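First comes the structure, then the notes that go with it.
A, B, ... follow the sequence lines: proteins, then strands. Residue 1 opens every chain. Just so we're clear, the structure is a prediction, and the values are computed from it rather than from any experiment.
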Amino acid sequence: MFPQFGATAESLTKASTAVLRIGTDAHLYDDPEDVNIAPLLDSKFDSEKCEALKRLLALIAQGFDVSNFFPQVVKNVASQSLEVKKLVYLYLLHYAEKRPNEALLSINCFQKDLGDTNPLVRAWALRAMAGIRLHVIAPLVIVAVQKCARDPSVYVRKCAANALPKLHDLRMEEHASAIEEIVGLLLNDHSPGVVGAAASAFTSVCPNNFSLIGRNYKRLCEILPDVEEWGQIILIGILLRYVIARLGLVKESIMFSLFNKDIENLEEDESYITSNEEAGYAIDNNVSELGNMIFQCYIEGPDEYLSRSSSTNRVAPKLDVSQFTSCSNEVVKILLQCTSPLLWSNNSAVVLAAAGVHWIMASKEHVKRIVKPLLFVLRSSSASRYVVLCNIQVFAKAMPSLFAPHYQDFFICSSDSYQIKALKLDILSSIVTDSSISFIYKEFQDYIRDPDRRFAADTVAAIGLCAQRLPKMATSCLEGLLTLVGQEFFCGEIRSLDGEEGVLVQAIISIKSIIKLEPPSYEKVIIQLVRSLDKIKVPAARAMIIWMLGEYCSLGEIIPRMLSTVLKYLAWSFTSEALEAKLQILNTTAKVLLCIKGEDILTMRKIWSYVIELAECDLKYDIRDRARFLKKLLSSNLESQHGEEENSESQKRDQSYILAECILGGQTKAVTVQSEPIDFRFYLPGSLSQLVFHAAPGYEPLPKPCSLPYTDLDQYDGATKSDSDEEDPGTSGSLDEESASNYSSEQSITGSGNASDSDESVSGNEGEDNAKPLIQISDTSNVCDTGFRDLMSTKSLESWLDEPTRSSKGSEIKQSQIRSSSARITIGNIGSRVKPKCYTLLDPANGNGLRVNYSFSSETSSISSHLVCLEVLFENCSLEPMFDIVLIDEDYSKSSDSTNQTSPTTENTLKFHVDKPALISMEEIPSLEPGQTAKRTLLVRFHHHLLPLKLALFCNDKKFPVKLRPDIGYFVKPLPISIEDFRDKESRLPGMFEYVRSCTFTDHILELNKGSNSLTEDKFLVICETIALKMLSNANLSLVSVDMPVAANLDDASGLCLRFSSEILSNSMPCLITVTVEGKCSDPLIVSVKVNCEETVFGLNLLNRVVNFLVEPSVTQL
Amino acid sequence: MLEKQLSGHRVDRSICAWFWDKAISQPDSFKQQPVIASPTHYLFQVLREGITFLACTQVEMPPLMAIEFLCRVADVLNDYLGGLNEDLIKDNFVIVYELLDEMIDNGFPLTTELNILQEMIAPPNIVSKVLSVVTGSSSNVSDSLPGATASLVPWRTADPKYANNEIYVDLVEEMDATINRDGVLVKCEINGEVQVNSHITGLPDLTLSFKNPSILDDVRFHPCVRYRPWESDQILSFVPPDGQFKLMSYRVRKLKNTPIYVKPQLTSEGGTCRLSVLVGIRNDPGKTIDSVTVEFQLPSCILSADLTSNHGVVNILGNKTCSWSIGRIPKDKAPSMSGTLVLETGLERLHVFPTFQVGFRIMGVALSGLQIDKLDLKTVPYRFYKGFRALTRAGEFEVRS
């Protein structure tokens, strides 16, 4: 692949290592294809399989595509040998995305492995399963992660945390809450290793869900030193963001003082002075301004900040005092306390992250703490040295006094790379102080003699910067630079030394910038430079000296006197000059001409016309242009001087004279202290963006101070209390046991089909472990419907007894109708209540006034079991009539061949029925008058119960692409069975066919409030009704039974249990749903939903759908 | 150079090709850049013994984390393979793959502790090699999860057993010094490490204290060290990993003396340059100083060099690196090297001056003066053997001329 590097493996060493290579995998790597791999994969022996897999890996490593072996490899996933497993996983993950259908074959194996007793197997299975990254299996993975998140093994829990970002990557909105829930659970883990991984999951899944952090804040801080190093890095960042979002900036921090300087000018200035005196350093306004900007950038993000500052002239947003907190605040204190030992970490990334927290949060006195650790990190690998230096550079610019005493650490070693040297120079020049300048200057002098000339040139530039910063030192710096210039021209002629030119030019630039500070006092310097003109040959350097001559031509006494001689010399050498020097000669001559007085004027004019003449016939058009321009500009001036006294008052000439003055003489005014060219973009310390100077994708500035609502705050306070209550008794031991016991019950469910039934009730009622008086009739299994009716209140009993007498519409959905009719008795308006949810297919805004809504109907198709019935309502909202409205499936022909290759061996988890059209053609609507509506029943064959179906709607001969979203709740049809049948079926679907999720349910509260005046109404009944209604109006189910607890406490709804049954349309497999309620009647209830279904994927998706619609508050009831 | 592990979002292999294109077209600057922003990805590179470790990302992440992780991978591979070179990696590519898979999961480091990794994936050794030749099969993947992953000391092998319990503590110090043109000591500091090699049965809880901890300027600890005791009493309290590890590193700044002196002198006139370097003992540390070397890079403007010494061997390598290995400094005379350098034609005098890197080693002395007070073992009742050693060598010891 890279022959040039292949060649580096020298043949000599090869021979000598040949002996050592015996017994390694070398031969497999060198000729991976010397045997036929396929039969080896099918071999009975693990060792042969291993060999084959190793060969495949070798091929992958060398960049070959060996995905054609996929089916054979996948078969081996069932192998018992761990090595084979590991290798298969490696292969599988490499190709899974390419071969999704075959990858699905392995899912069952993973499911089985998840129940293995060996935690390593469980962890690997989870990792591989999550790593496959297919949408279809995502629900399965979520369940697996949910189980593994409660695994007794730390390693497995850690892997579960790591699997979450993988799930999140698939971008499934419907599972987002479930994933976040698991993140919260894992953040709460008692093992530091898990917390670290959970922190990483948090940042990628829900970085702004601070309530998860708030709940555990204190514990997270305390556990921080024990978290493994990688987790520490992430966790520190999270905690920092949380504190900023919740409490805002810290009053004592440098960030605040710089940030808030304008507001509390007086106070802050005083403290500045004191701190300056301590450090013996003068912070000029520039520096604090810079610091201010840096911190603004941290909070707003540089792009936002820069755009704002340019438009509104840097008016900082008014800051509320309430946005600030103080160091003594408990929350801040803990964070600082817990991060400070991390400054001793062996891992430089941890040190930098901890330093970042202190930099932003700690008070000015405490920030010093980060200096030494940061400097110590400089001793680690050169790559990390570079990163740390980049960050120190920013710190040093914002607060030079911090690093000023440690200037020695930035002295350069010859082993440093060029980038590091440049960074160190930059830092040195920004932290230089009066006391350290002499040492630093001495160092710089050494650096100038370094063989790396590029570095020497940078050093010269740094000297210039130092001199500008500390005017006291300017003279001595200038002297040094002059001697350097004096030296350099010795070798100016040697072409091979390209670097020298750079050094020389840089030296002159530095001199120029120093002179700019105070031109009058450096007159002699200019003279000296001009004198050396005949020795200096580098065009750029010459050009600059010539420029200086023109710029300061009227300075002092000596320069004006030597002007004519110098200009004569320049005119004489004009033809041999390089482009830039020629241009400068022209400019300078013009400038001199403008300001010169006295007797020289005639010579000047001669020189001028001579130079102009030469320039006008120059080869380069730049020079010709410049010459013409200047000639024109100055012509009036020259004439006026020619004509001595006559007509000298002419207005026009005067104007052009002023113009010439402005253009040529204007530059002198721009003498201000220029700060060094800094990149004005700052990013959070330790971020990638700071290194590359642009916001990398995913970069987020600190959250807005105090952006966290106060409700979370209360939550936090409450949580800390309960935390401390809980923590003391059972930090390690008891929690472990608890999770272990949880696990064992679940494991038996996952593990095998013959797990005992008794476990189920445990898993169903997992949460309710305390001994509230609860009689669950359903558990006593002999009690039938009539039995529990006796136990109900008379009022509700009536309603229950009433139900069979109600007539129902269709015989096949009898029971569900019965259920809803019973609801009618109590509430009285059935029509509005069992109305299935309506979805929009086409908005009138998009469809030229045609509104199309659809709802799933509870009827089932008589044509084919794969068809789902829909009621589509067309409404003309426009003012014109519409014609020929029809819905058709366009993709049918296209899609049929692409997915049809699903091999027959594919498990029943996925069946695509794309060989048939997705839509049984709809009856066309010939015309639709304005305001008129038309209703059609549609029979649709969805390809998959989650993926939307793309259809085309034609109207007035125009095509509107529309998407029909399937509702999994209508992929089933009611299965009227008795409670005994239900139990029987349920017991045959244990273990991996059973999935539980819980959620909160709030609908009934509204209902209870509504009926609060009628005290007679039974609260249980209302809850039953609301749940049943919700279920039935969102999915095509039949209600089997309702179990009610007989509780001493009438307000406690725990134990209420509703059972629904249905069968899947396509294959008539039963699908059982059990809803168990927990909590108080008047509060939001915790509802745990259990689905038993043989088709795992379907069952899971159905479960998620049920949970989703239970959670979402119903609007229709209002 | 071909090894790669893809996890997380798919990254096309072509990014490597891009990297090598760049690396070849601009060999110097590119290879030194640890963080590179390529058109499509951000790359992190760490170069170790000719092997380039690359990591790439498309989104924001702490860059040091990537770099530290790459360094860790390099360390682990080094430990596993007994070195790092192309052939070793090729020969053990399966192990490399397995290790990478275990060390990182979805872009987040998973298990990076060497002790645990070794339990999960057996390092290749002679026995397993022979075994695989004889039987044709051997598994290097462990069947069970190391117990340590669950324990509170995740860095330690669960329950090692040793017939002889022993622990060795080495103070290894490196002296960084810079001597400027005028022969003034600009900077002199010690960067030291406390390296421990522990073979102790069970779960020992050790405390290590120094006689003079106040001289330490700054410290960094292995994760096993507890922060509290150090904060309060400057005592190292820790449960060690098994085998060799770096317990802490420390820094002692502002030392006043170096054990040896190196005095280079360059005078040039008329196109040639006379060089002489003198080396001698300045402060006798009490132990012999050996492996003394002086190395420097001849400036590019020097055409040829003729150098001889009165002690040791002088070598001038192809890339104009000159190395003078002195070995042990003799008692009776001061070693010196002298000779002439011929400058490029047209060049009268030397205007750039080389920096001399000095190497030396002193056994048995920690030049910082740090002394170990005592090492105590709690929790485990039986006796064990304690060994202490010290070593100082030159780090970035530079003499400018």
Determine whether B/Asp218 and A/Trp344 satisfy the following criterion, side-chain contact (heavy atoms from CB on, under 4.5 Å), listing intermediate values before the conclusion. CA-CA 8 Å; B/Asp218 201 5; A/Trp344 292 331; 4.2 Å; yes
Would you mind telling me which of [options] has the largest number of heavy-atom pairs within less than 4.5 Å of chain B?
options: A/Val377, A/Asn391, A/Thr203, A/Val350; value: A/Val377
options: A/Gly196, A/Ser348, A/Ala130, A/Ala201; value: A/Ser348
options: A/Gly237, A/Ala197, A/Pro373; value: A/Pro373

Ignoring hydrogens and angles, tell me if any N or O in the side chain of [X] forms a donor-acceptor pair with the backbone of [Y] under 3.5 Å.
X: B/Arg220; Y: A/Ser345; answer: yes
X: B/Glu398; Y: A/Cys413; answer: no
X: B/Asn191; Y: A/Arg379; answer: no

Taking the side chain as everything from C-beta on, heavy atoms only, tell me whether [X] gets closer than 4.5 Å to [Y].
X: B/Met65; Y: A/Ile234; answer: yes
X: B/Leu64; Y: A/Val388; answer: yes
X: B/Arg251; Y: A/Leu375; answer: yes

Rounded to the nearest 0.5 Å, what separates atom [atom1] in [X] from atom [atom2] in [Y]?
X: A/Leu343; Y: B/Tyr227; atom1: CG; atom2: OH; value: 9.0 Å
X: A/Asn347; Y: B/Phe69; atom1: CG; atom2: CZ; value: 11.5 Å
X: A/Asp446; Y: B/Ile179; atom1: CG; atom2: CD1; value: 11.5 Å
X: B/Asp217; Y: A/Lys372; atom1: CG; atom2: NZ; value: 4.0 Å
X: B/Arg226; Y: A/Asp226; atom1: CZ; atom2: CG; value: 10.0 Å

Taking NZ, NE, NH1 and NH2 as the nitrogens, is one of them in B/Arg72 or A/Glu229 under 4.0 Å from a carboxylate oxygen of the other?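 Salt bridge present between B/Arg72 and A/Glu229.
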How close do [X] and [Y] get, heavy atom to heavy atom, and via which atoms?
X: B/Arg181; Y: A/Gln445; value: NH1-O, 3.5 Å
X: B/Glu68; Y: A/Ala349; value: CG-N, 4.0 Å
X: A/Asp409; Y: B/Glu189; value: OD1-OE1, 3.9 Å

A/Phe439 CZ: over 12 foreign heavy atoms closer than 6.0 Å: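 Check fails, neighbour count at 12 or below.
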So for B/Asp182, is it side chain, backbone, both, or neither that comes closer than 4.5 Å to the heavy atoms of chain A?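 Side chain of B/Asp182 only, per the 4.5 Å heavy-atom cut-off to chain A.
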Who among [options] has the most heavy-atom pairs with chain A under 4.5 Å?
options: B/Val186, B/Val46, B/Thr178; answer: B/Val186
options: B/Ile67, B/Val219, B/Val225, B/Thr355; answer: B/Val219
options: B/Gln297, B/Arg253, B/Glu231; answer: B/Arg253

Does any heavy atom of chain B fall under 4.5 Å from the side chain of [X], the backbone, both, or neither of them?
X: A/Ile412; value: backbone
X: A/Tyr407; value: neither
X: A/Gln408; value: both

Can you check side-chain contact (heavy atoms from CB on, under 4.5 Å) on B/Ser249 and A/Phe376, steps first, answer last? CA-CA 10 Å; B/Ser249 42; A/Phe376 196 18; 4.2 Å; yes
